[in-house]
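Worksheet: one structure, shown below.
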Amino acid sequence: MDDTPFPWRQWMRIGIGGLKWRPPDFWDATLTEFFDGIEGHNEAQGGEPEGGAPKQSELDALVAKYG
């Protein structure tokens, strides 16, 4: 069992396979660079940016549903 707090193998598959980085580029990148690279790649492929606070209508719906 792998007791590391980070899923390195999965991240390596994303960096090397998905982003087409060379292994040294993956290992030299900071976590910020890695996740920014994923976000940039997703946006370039037509994906919507992640994150941000919920819209007021989304918050209202959650409050109405869960109190």
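As the structure is a prediction and not an experimental result, all values here were calculated from the model.
The heavy-atom pair separating Trp21 from Ala29 by the smallest distance is CZ3-CB, 3.7 Å.
Note that CG of Asp36 is 8.0 Å distant from OG1 of Thr30, once rounded to the nearest 0.5 Å. To the nearest 0.5 Å, the span separating CD1 on Ile14 from CZ on Arg9 amounts to 13.5 Å.
For residues 54-64, the set of pairs meeting the salt bridge (Lys or Arg N to Asp or Glu O under 4.0 Å) definition, not counting sequence neighbours, is empty.
Aromatic rings of Trp11 and Phe35 (six-membered ring for Trp) have centroids within the 6.0 Å cut-off, being under it.
When each of Gln45, Glu43, Glu39 is tested with His41 by the rule side-chain contact (heavy atoms from CB on, under 4.5 Å), just one qualifies, namely Gln45.
Between Trp8 and Trp27, the ring planes lie tilted relative to each other; the angle falls in the 30° to 60° range.
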